[in-house]
Amino acid sequence: VVTYNTLIHGLCKSGKLDEAFKLCEEMKRASCRPDPVTYNTLIDGLAKAGRLAEACNLMEESGVHPNAVTYNILINGLGKRGLMEDALRLFEQMKDQAIDPTLLTYGILVEKLGKSGRSDESLRIFLEMRDKGCVPDKFLYHSLIHALAKTGKLAKACSILREMKQDGYMPDVTTYNFLITGLCKARKIAEATGLVAELKEAGELPNVVAYSALIDIHGKSGQIDEALRLFEEMKVQGCTPDLLTYSSLIDAFGKNGRTDDARSLFEEMKANGCKPDQVSYNALIYGLTKAGDLYGANKLYLEMKANGCTPNVVTYNILVDGLSTAGDMSTAFGLLDEMNKKGCDPDVTTFNILIIRLSKAGHLESACRLFEEMSSKGFVPDDFTYNGLIDALCKGNKVEEAHRLFDQMNTHSTLVD
RNA sequence: UCCGGCGGCUUUUG
């Protein structure tokens, strides 16, 4: 059995799932019964290939009792795809079957819930884990601190940090970065800066992540000079800016109309060995479109492709928005065709852009048609869609239509809740 | 046989 399991594991790891399943059949014929390890290996192979439904079926149909590893695999697979309800359902199911969750089970849930912004539930799982006498490791503490900090629950994050210390885990740069980035996200710039100062006094130099977070938030709040000062400071301290640091600054320049500065920083970035990626190109292109330089934006779009950097849906959204804002709907729709051909799927934002630009330009009918189309394609209109359309309808003296949409919005949002 | 670490880009209401 062990030999077969090892071989099956190897096949799964190299993505040869079909062969792995064949080998499993062969071992049965050789009257060697597959054991839980065999099935877990196959289930993991399926889950990693994104075939979660099949993975779940295999657990039920294998005739072998699932164990904690089986559940961990499936819960992780579901959580990775944001299917938290299904993951939590399996978690309950495993407890119903008297299978004890492991540290890993809790860790996966705390982290994945946190990633989907559900820090309250992360905390709930964490407490449940401790009730059961399970001792968290440093990773689990980090997942929880991250989840709490990201959702602005900084006091709670700090109290968990104290518990972590009491458990004998020393906080490190990453631990503090969770707090710093959390403060930045909550726009508590002074507090973030203060925390960094405290760490400096304690002899802990902020790393590139902390500096980038501070630079980013200063840029976003219009304090470009301070962002640039931090940029210089980090270099003096021997902390090398990376792609994300540059992208934040390029974005800040672009948003403030400083397109020349954005361009030259982009060049400096390349000269310093950072290969531009989609985000950095997008930030630069965005700045150009906002400055009305659609020609320059298009040139960069071409350059991006020529450099082997594949435009993503954000790239197209930026360009489509720039074009449609300028009233060039035909080129905008041409780009939609192009993204279609390239296999890049539009998202809710793409539709929002078109709907809002069309309605602002007075093409309310086309906008409403697109609204229907997006729903029929399975996209759920969000606040942007509704607010944009309602605003345009009101301004177009179609208050009744606006009211109907408003009611529809309320009906749908309560359904989602 | 199972997980996992922090920061960057786009759309409404000037």
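Side chains included, hydrogens not; waters and symmetry mates left out as well; all remaining heavy atoms used. Here is how names work: the chains are called A, B, and so on, in the same order as the sequence lines, proteins then strands, and each is numbered from 1.
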(message) Quick check for you: among B:G7, B:C2, B:U12, whose closest atom lies nearest to any side-chain atom of A:Leu244?
(response) B:G7
(message) Quick test of your reading of the model: are A:Lys305 and A:Glu338 salt-bridged, counting only N-O distances below 4.0 Å?
(response) yes
(request) Give one of base, sugar-phosphate or nothing for A:Lys185, where a contact means two heavy atoms less than 4.0 Å apart. (result) nothing
(request) Provide, to the nearest angstrom, the distance between the NZ atom belonging to A:Lys395 and the P atom belonging to B:U12. (result) 11 Å
(message) What's the closest nucleotide to the side chain of A:Arg357 if the choices are B:U1, B:U11, B:C3?
(response) B:U11
(request) Rounded to the nearest angstrom, tell me the gap between atom CE in A:Met234 and atom P in B:G8. (result) 14 Å
(message) In whole Å, I'd like the distance from the CD1 atom of A:Ile8 to the P atom of B:U1.
(response) 13 Å
(request) Pick base, sugar-phosphate or nothing for A:Asp382, based on heavy-atom distances below 4.0 Å to the nucleic acid. (result) nothing
(message) From the set B:C3, B:G8, B:G7, return the single nucleotide nearest to any side-chain atom of A:Lys220.
(response) B:G8
(request) Counting heavy atoms from C-beta on, name the nucleotide in B:C3, B:C2, B:U11 closest to the side chain of A:Glu111. (result) B:C3
(request) Assign A:Leu104 to base, sugar-phosphate, or nothing according to its heavy-atom contacts below 4.0 angstrom with the strands shown. (result) base
(request) Could you check whether A:Asp277 gets within reach of a base, just the sugar-phosphate, or nothing at all, counting any heavy atom under 4.0 Å? (result) base
(request) Tell me, with the steps shown, if A:Thr349 and A:Asn352 meet side-chain hydrogen bond (donor to acceptor under 3.5 Å, both in side chains). (result) CA-CA 5 Å; A:Thr349 304; A:Asn352 286 346; 5.1 Å; no
(message) Quick check on B:U11: is either OP1 or OP2 less than 4.0 Å from any side-chain nitrogen or oxygen of A:Tyr286?
(response) yes
(message) Can you say whether a donor on the side chain of A:Asn72 sits under 3.5 Å from an acceptor on the base of B:C2, or the other way round?
(response) yes
(request) For A:Ser280, report the nucleic acid contact type (base, sugar-phosphate, nothing); a contact means any heavy atom under 4.0 Å. (result) base
(request) Taking only Lys NZ, Arg NE, NH1 and NH2, and the carboxylate oxygens of Asp or Glu, determine whether A:Glu19 and A:Lys13 approach each other closer than 4.0 Å. (result) no
(message) At 4.0 Å (heavy atoms only), tell me whether A:Val173 reaches a base, stays on the sugar-phosphate, or touches nothing.
(response) nothing
(request) Calculate the interatomic distance between A:Ile250 atom CD1 and B:G7 atom P; express it in whole Å. (result) 19 Å
(message) In this structure, how many angstroms lie between the C1' atom of B:C3 and the NZ atom of A:Lys13, rounded?
(response) 12 Å
(request) Measure the distance between the ring centre of A:Phe384 and the centre of the six-membered base ring of B:U12, then answer whether it is under 5.5 Å with planes under 30°. (result) no
(request) Specify the separation, in whole Å, of atom CG of A:Asn312 and atom P of B:U11. (result) 14 Å
(request) State which residue, out of A:Tyr211, A:Phe253, A:Tyr246, fulfils the ring-ring contact (aromatic ring centres under 6.0 Å, His included) condition with A:Phe231. (result) A:Tyr246
(request) Classify the side chain of A:Thr181 versus the base of B:G7 as yes if they form a donor-acceptor pair under 3.5 Å and no if they do not. (result) no
(message) The side chain of A:Ser247 is closest to which nucleotide in this list: B:U1, B:C9, B:G8?
(response) B:G8
(message) Of the listed nucleotides (B:U11, B:G8, B:C2), which one gets closest to any side-chain atom of A:Leu243?
(response) B:G8
(request) Side-chain contact test, heavy atoms from C-beta onward, threshold under 4.5 Å: evaluate it for A:Cys239 versus A:Pro206 and give yes or no. (result) no
(message) Evaluate A:Tyr141 against A:Asp167 for side-chain hydrogen bond (donor to acceptor under 3.5 Å, both in side chains), listing each step before the verdict.
(response) CA-CA 10 Å; A:Tyr141 271 115; A:Asp167 267 355; 2.5 Å; yes
(request) Answer with base, sugar-phosphate or nothing: what part of the nucleic acid does A:Thr38 contact at a heavy-atom distance below 4.0 Å? (result) nothing
(request) State whether A:Asp100 and A:Lys132 are salt-bridged, where the test is any N-O pair (Lys NZ or Arg NE/NH1/NH2 against Asp/Glu carboxylate O) under 4.0 Å. (result) no
(message) Does A:Lys80 reach a base, just sugar-phosphate, or nothing at all? Heavy atoms under 4.0 Å.
(response) sugar-phosphate
(message) From the set B:U12, B:G7, B:U10, return the single nucleotide nearest to any side-chain atom of A:Lys360.
(response) B:U12
(message) For B:U10, does the base pair up with any side-chain atom of A:Asn317 as donor and acceptor (N or O, under 3.5 Å, distance only)?
(response) yes
(message) Need one value for A:Lys150: base, sugar-phosphate or nothing, where a base atom within 4.0 Å counts as base even if backbone is also close, heavy atoms only.
(response) nothing
(message) For B:G8, does the base pair up with any side-chain atom of A:Ser248 as donor and acceptor (N or O, under 3.5 Å, distance only)?
(response) no
(request) Name the closest nucleotide to the A:Asn387 side chain, picking from B:C2, B:U1, B:U12. (result) B:U12
(message) Let's see if you can work this out: which of B:U1, B:C6, B:C3 has an atom nearest to the side-chain heavy atoms of A:Ile108?
(response) B:C3
(request) Specify the separation, in whole Å, of atom NZ of A:Lys188 and atom C1' of B:G7. (result) 19 Å
(request) For the side chain of A:Val314, starting at C-beta, report the closest nucleotide among B:C3, B:U1, B:U10. (result) B:U10
(request) Take the protein atom CG of A:Leu103 and the nucleotide atom C1' of B:C2, then report the distance between them rounded to whole Å. (result) 13 Å
